[in-house]
Amino acid sequence: MVQTKMSKFRTVRGMRDFLPKHAGKMRYVERVSRELALLYGYKEVITPVVESYKLLAAKSGEEIRQRMYAFKDLGGRKVALRPEFTASTARLVATRMKNEPKPMRLFCLGSLYRYDEPQYGRFREFWQANYELLGSEKPEADAEILILTNDLIERLGLRNYLFKIGHMGILRGILSQEGIVEESQNRIMQLLDKKQEEEALRVAKDRNVSERCIKTLKTVLETRGKEPSRVLRRVKEEVQEYEGAVAAVENLSDILELAKDSGVKFKMLIEAGFARGLEYYTGLIFEPYVPQLEIALSGGGRYDKLIELFGGEPTPAVGVAQGIDRLVLAMRKQRFSPRIRGEKRVVVIPINDELKAKAIELSLTLRKAKIPAEVEVMGRTVTRALEDADRKKATHTILVGPDELREDKVVLRDMKKREQKLVEIKNLCKEIM
Ligand code: AMP
């Protein structure tokens, strides 16, 4: 057996290379996300991968804080690789975009870093498309973010998905009225996010909440269902003595009603005790799922206090982070692959060494007409070059030969039909398209 040389270098644990097929799918989801941003009026901003540790740690939640790629740069600054986009957006809105008219619709897309334990659908480097709607506290803003997320998932061809929906105000309303400080509330939310309900209730008990509170919390945590109006009516009855929680239920009803009345249909699972790990959420929270994956495709919600926390004007805001890696996984699970129609791929093959420059020249002409073209650069025989063009599924090849060139012509070969003809160079692009 022939021993081939193999480098010992590998990617760092949790980091991935994307080979062309996978990279193509990631870029496809990115493209659709960008199109959507344009269609909904979200303007793109590009923020740095490296941010100050303090900014990122301020409000992201213990879970993420402990998993940040944090380090001192050579200037001794404590910095970290961004684990999410919202802090950076909030920083922008609190500083350089402070005076922009509201509402502001911002979009950002890129890679994020969390030192998570690598497992299926969980990586240390992953990608998100992020949409933030800033300046409105109205339910129509929340509805827009939900509808936009539904739109993206639909455009990606996913089926049978379901939105898990809740409202941070329900649990926080109860806990606040019981005098639980925000820090303890956050602890409880984190435990609930990790499905540790017993533990969460114990923390509440340790803070001396009333018997009534524990009873209400228990029922709220169990209340879920697919029919929004019915579930929310039930929750409202359960929390009726907690003013803030009642307001939260009403707010959620308004949001879901708007989505429904606008004719948008998606399956929902309303969970009154749904909590998300990020500390800054104040209102609606949601996560879409497909049955084939147990992990959320995206995560969104309202965060009305964050901009203020970073020194900006009080600015209500709602947003969503679409997980590009997981959307690709879901597409693969559901065996959906986008058909990109009418794509041409041309290989230009010079018949001898003297015609190399002419082959390059022709490839440039094709590209000017937006026809993807590759030039044979291995010095192979025509037969070999044609075999290779077949392997890479070229739609056409162009054979550049001296006799034909003398008449300003080349041989154009249709690789699928396996036919070839002499074509005048000036008509080449037209013939291919
Ligand atoms: P979060 O910022 O935690 O609300 O997450 C929003 C979305 O980002 C999730 O629903 C995932 O799609 C994606 N996401 C978060 N963490 C990871 C990770 N470690 N690997 C891959 N995707 C992730």
Side-chain angles (χ1 to χ4, degrees), residues 11-16 18 22 25-26 29-30 32-33 47 49 51 55-69 80-90 107-132 145-146 148-150 152-153 156 158 161-166 168 186 189-190 192-195 269 274-290 292-303 306 317-333:
T11 51
V12 171
R13 183 167 155 77
M15 298 289 159
R16 296 164 295 162
F18 294 90
H22 195 174
K25 287 196 173 139
M26 294 285 285
V29 174
E30 288 185 14
V32 177
S33 309
T47 59
V49 171
E51 290 270 17
L55 169 91
L56 297 172
K59 213 56 189 162
S60 53
E62 201 48 39
E63 195 62 19
I64 288 187
R65 220 161 11 236
Q66 283 173 7
R67 291 185 158 71
M68 275 205 271
Y69 276 86
L81 304 185
R82 61 186 178 200
E84 47 135 0
F85 275 120
T86 308
S88 306
T89 318
F107 169 73
C108 34
L109 191 152
S111 58
L112 303 155
Y113 302 83
R114 292 184 197 170
Y115 204 76
D116 281 331
E117 198 43 39
Q119 49 189 288
Y120 189 74
R122 191 171 291 285
F123 315 103
R124 289 186 173 167
E125 181 185 48
F126 58 96
W127 276 258
Q128 281 182 351
N130 218 73
Y131 304 78
E132 316 279 356
I145 290 291
L146 263 177
L148 174 155
T149 304
N150 177 61
L152 175 67
I153 297 175
L156 293 175
L158 296 174
Y161 55 90
L162 172 135
F163 277 76
K164 189 161 119 182
I165 297 180
M168 291 302 269
N186 292 344
M189 297 298 168
Q190 277 155 25
L192 289 176
D193 188 30
K194 286 195 275 182
K195 313 269 176 288
L269 175 66
F274 177 25
R276 302 204 62 227
L278 295 165
E279 278 169 17
Y280 47 68
Y281 287 115
T282 53
L284 165 81
I285 43 172
F286 66 90
E287 286 176 344
Y289 288 83
V290 284
Q292 293 84 355
L293 278 185
E294 281 175 9
I295 39 185
L297 302 178
S298 324
R302 173 168 284 282
Y303 55 97
L306 194 64
V318 52
V320 58
Q322 320 285 6
I324 293 176
D325 308 73
R326 293 196 190 161
L327 287 164
V328 169
L329 275 179
M331 285 163 71
R332 197 186 298 156
K333 283 272 181 193

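One-based numbering, in listed order, for ligands and for the atoms of each. Position 1 is the first residue of the sequence; numbering continues from there. The basis for the numbers below is simple: all heavy atoms, side chains too, and nothing from hydrogens, waters or symmetry mates. Since the model is a prediction, treat every value here as computed from it, not as a measurement.
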message: So for ligand 1, is Gln322 a polar contact partner (N or O within less than 3.5 Å, distance only)?
response: no
- prompt: Does an N or O from Arg114, backbone or side chain, lie closer than 3.5 Å to an N or O of ligand 1?
  reply: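 Yes.
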field: CZ on Arg326 to CD on Gln128, rounded to 0.5 Å
entry: 9.5 Å
query: Of all heavy-atom pairs between Met68 and Ala80, which one has the smallest distance, and what is that distance?
result: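 Smallest heavy-atom distance, with atoms named: SD-CB, 3.9 Å.
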message: Counting only heavy atoms closer than 4.0 Å, does ligand 1 sit against the backbone of Phe123, its side chain, both, or neither?
response: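 Answer for Phe123: both.
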query: Which is it for Gln128 and ligand 1 at heavy atoms under 4.0 Å: side chain, backbone, both or neither?
result: side chain
Which of the numbered atoms in ligand 1 are below 4.0 angstrom from a heavy atom of [X]?
| X | result |
| --- | --- |
| Ser298 | 10 (O) |
| Ala296 | 10 (O), 11 (C), 12 (O) |
| Gly299 | 6 (C), 10 (O) |
| Leu297 | 10 (O), 12 (O) |

- request: Run the contact test for Gly121 against ligand 1 with a 4.0 Å cut-off on heavy atoms, strictly below, and give the result.
  value: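 Yes, that is the case, since the closest heavy atom of the residue is under 4.0 Å from the ligand.
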- request: Report yes or no: does a heavy atom of Asp325 sit under 4.0 Å from some atom of ligand 1?
  value: no
message: Please check if the number of heavy atoms outside Tyr115 that lie under 6.0 Å from its OH is greater than 12.
response: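 Not buried by this count: 12 neighbours or fewer within 6.0 Å.
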field: CD (Glu294) with more than 12 external heavy atoms under 6.0 Å
entry: no
message: Between Arg82 and Thr47 (side chain of the first, backbone of the second, donor and acceptor by atom type, cut-off under 3.5 Å), is there such a pair?
response: yes
message: Is it the case that the side chain of Arg67 and the backbone of Asp116 share a donor-acceptor pair, with hydrogens and angles ignored and the cut-off at 3.5 Å?
response: no
task: Classify the side-chain pair Tyr69/Glu125 by whether it contains a donor and acceptor separated by less than 3.5 Å.
output: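 No, because no side-chain N or O of Tyr69 sits under 3.5 Å from a partner of the opposite role on Glu125.
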